[in-house]
Structure formats: structure tokens, C-alpha cells
Amino acid sequence: MTFDKHILVTGGAGFIGSHVVRLLVQKYPNYRIVNLDKLTYAGNLENLTDIQEAPNYCFVHADICDQKAIERVFSDYQITDVIHLAAESHVDRSIHGPMEFVLSNVVGTVKLLEVARTSWSNKSNHVFHHISTDEVYGSLGESGFFNESSPYDPRSPYSASKASSDHFVRAYYHTFGLPIKISNCSNNYGSHQFPEKLIPLMIHNIIENKPLPVYGKGDNIRDWLWVEDHAKAIDTIFHNGEIGHSYNIGGLNEWTNLELVNFLCKCMDEKLGREIGTSANLITHIEDRAGHDKRYAIDASKLCSALGWQPTVSFEQGLDLTIDWYLSNKEWVKKVTSGAYQRYYQKMYSSK
Ligand code: NAD
Ligand code: DAU
């Protein structure tokens, strides 16, 4: 079988990566999608059972820090393009142990860049699309938005590692002419998100009647985007974005954490047939996250006006779909939260 492109997607067994892989495999039968993932606690091949037999999909179990393995993949699969999502992604874990973040997010990214640089002789036929975060811009006050010209001001070990990787990606463009694109997205939510992140953790705890741990007063603000809209934005930028450019992705959907958790509680009470107010009684304010960024808000007008992308799913719709997915996939939650995760979670909360 011949393919028009051979795209290496790193981190394709994770939350966002699995949505990106599914979209590309189903939309582009003329592309081969090579999913490379280390399968850390956050990577799970069950996220992709529906497409694992597709003739244009394959999986490689490898670490992006293993340069020899990456070289073999580039050569064996004649990789023409990279969409790079593999990373340690949870801010709280980066506070408890920054080094994994330096290794996977910084060193791993540079190794991948190095293999792309040395493998692609005619650079004009390729794209290296780096997936990054709005957290590289730091924290906003009550007003204003992050746009592509906002200065970098990362404040957690996670965001510092992502900012560093963005700088390396740009350096490979300026120094070596590597054909790169970067996208910086706001908070994602949807199915298959590891239940250590706010929304799936709260859904899980509501189902289990466990306390809902809100950091500090709960007045920090996040800008939430439906994960499939992020995957569509990546598809758009990968195909139509300009080489060397960055694009911010977000859906103008700001919520304080407390407002969001209260709304989630109300939706869950309705779904579970509980009296309204039952779940909100589980809200427990706990010690704040160290260096907790106050507010993120994305100005995505460059992506919307230049490339015609728009979010398609409202927060109410998306949250409804997300709750339904977690209610129907309790076994998935049980599986991914057993073993090492339980030990991490208990250690983290015993130190709060
Ligand atoms: P995730 O933690 O759910 O998945 C990360 C995946 O990367 C996992 O499958 C894991 O096994 C894999 N991985 C980690 N280290 C690896 C390594 N060294 N080699 C190979 N594979 C490795 O993360 P996510 O939330 O899906 O985020 C994906 C990307 O998107 C990350 O780069 C993250 O910084 C970025 N991002 C996330 C969000 C969000 O809200 N979750 C928003 C903006 C940007
Ligand atoms: O903005 C994009 C970023 O969004 C991504 O780059 C990260 O990979 C992703 O994890 C996410 O980072 P956040 O730190 O914003 O997400 P998290 O779900 O961990 O937390 C969201 C907010 O909720 C944050 O203000 C902290 C708060 N929170 C979180 C948890 C897990 C709580 O109050 N209680 C909790 O138990």
C-alpha cells in the first residue's frame, strides 16, 4: 500500500493524542499514521481500540528520549511529518518531581528535532508540528488575553519545560530551516482524560461520593476547550498553517474553578437522580497549588481569521458528553487509576 504522507504522532496513546490519531486515521486513509508512545501511566492503547485494525495505523512502543529508536522509526516508516504531543502533562506532578518533565518535554523534544533535521534532506516537503500550551505565557490578571505575541513567562516546572521545548523548536527553524509549526492551546476536556485533571477527577469523585478537592478559594480561571475541537485545530494548522508560525487555540470559555465544579455537581445530580445540592456538599477547599497561575484566556483570532477554524461544541454539550462517557466507562477509570496511580495520589494528598 502506498501513502501520500507517513505521519509520526508522538504521545498518541494519551488523552489529546488519541483524539488526534483517531481523527487523522479516519479522515485520511491516504496517510499512514505511526503512533509512537512510551505508555507512561498516562498512555493507554485502549483509548484507540476502535481504530487499531485500520490499515493506515500502526503503533510503536518507544521513548522519545531514545534517539536510536527514533532514528529507526524514521527510517523504517519513511516518516515525512511529525505531530509531537508526547510529554509529561500534569502541573501537580511537575511540582512533586520536575526532572521527568525536563527529560521527556525538553530532552525528548530536542532528540526528536535532531532526528527530523538529520533525516529530512529536502526540508520543503515536511512539517514538524509541535503541540504546546497557553501556560507558556504565564498568568493573566482580571482582563486581557494571550495572543501569539505575548511574552513567555512560565511559572511551573511543567510550563517551563514546555516553554523550553517551544524555544528549541523555533531555534531549529531559525538555525537549521526545519519546517516547524507550533500551536498553544488552552485547557482541554472530553473523553479519555486521565482522572488526575480537574474535570475527570471531579466526575470520578462525585460518582464515588468522595470529597471534591478545590485548591484555595477556587477563584482561579481556566479557558476550556472540547478536545475534539483541539484535534480539528491541529488538523487545520498542520495542513494550512504557515511554516515558522505559532497559533493560539482556545474557545473563549472562561470559568472559575469553583463555578465549574458547582455546575458539574448540578449536572451530575441530574444525571444520577440525586437531589440538587447533594454533590456540591462534597466540595472541600484544600491548600492551594504552589505558584498557582491565576487566569488563562486565549485570543485565537489568528487561527480563526487566517485558517477559518471555529470551536463546534458548546461547553454545556461537551460536558454532557464527557459525563456520559465517564459514566459508561467506569472500568477504564478503575484500570487507569489502580496501582502506581493510587500510590501517587495518596502520597500527594497526605502532603497537602
Ligand atoms: P497525556 O498526559 O494524557 O498524554 C501524554 C502521552 O505522552 C501519554 O500517552 C504518554 O505515554 C506519552 N509520553 C510521555 N512521555 C513520553 C516519552 N518520553 N516518550 C514517548 N511518549 C511519552 O497528555 P495530554 O493532556 O494528552 O497532552 C498532550 C500534549 O498536549 C502535551 O504536549 C501537552 O503539553 C499538550 N497540551 C495539553 C493540554 C491539556 O489541556 N491537556 C492543553 C494544551 C496543550
Ligand atoms: O492550559 C493548558 C494546560 O491545562 C495544559 O497545558 C496542561 O497539560 C493541563 O494539565 C492543564 O493544566 P491545569 O493545571 O490548568 O489543569 P488541571 O486540570 O490540573 O487544573 C485545572 C484547574 O483546577 C487549576 O486551576 C487547578 C485546579 N484544580 C485542579 C485539580 C486537579 C483543583 O482545584 N483541584 C484539583 O484537584
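Every number for a ligand or one of its atoms is a count from 1 in the order of the listing. Because the structure is a prediction, the values reported are computed rather than measured.
Among S183, S165, A87, the residue whose heavy atom lies closest to atom 14 (C) of ligand 1 is A87.
Of the N or O atoms in T40, one or more lie within a sub-3.5 Å distance of an N or O in ligand 1. The shortest N/O to N/O separation between M202 and ligand 2 does not fall below 3.5 Å. Inclusion of T133 in the set of residues having an N or O under 3.5 Å from an N or O of ligand 2 is warranted. Remark: ligand 2 and E135 share an N or O pair separated by less than 3.5 Å (distance only, no angle test). Polar contact with ligand 2: present for D134 (N/O pair, distance under 3.5 Å).
At least one test fails for R22 against the ring of Y57: distance under 6.0 Å to the centre or angle within 45° of the axis.
When each atom of ligand 2 is checked for a heavy atom of H90 under 4.0 Å away, the hits are 19 (O). Taking a cut-off of under 4.0 Å to the non-hydrogen atoms of E196, the atoms of ligand 2 that pass are 31 (C).
The shortest separation from a heavy atom of A13 to ligand 1 is under 4.0 Å, placing the residue in contact. Under a 4.0 Å heavy-atom criterion, A62 is in contact with ligand 1. For the ligand labelled ligand 2, residue H292 lies inside the 4.0 Å heavy-atom shell.
In the hydrophobic clustering, where aliphatic and aromatic side chains (Ile, Leu, Val, Met, Phe, Trp, Tyr) are joined below 4.5 Å either directly or transitively, L252 groups with F145.
Of all protein heavy atoms, the one lying nearest to atom 20 (C) of ligand 1 is K38 N, 3.2 Å.
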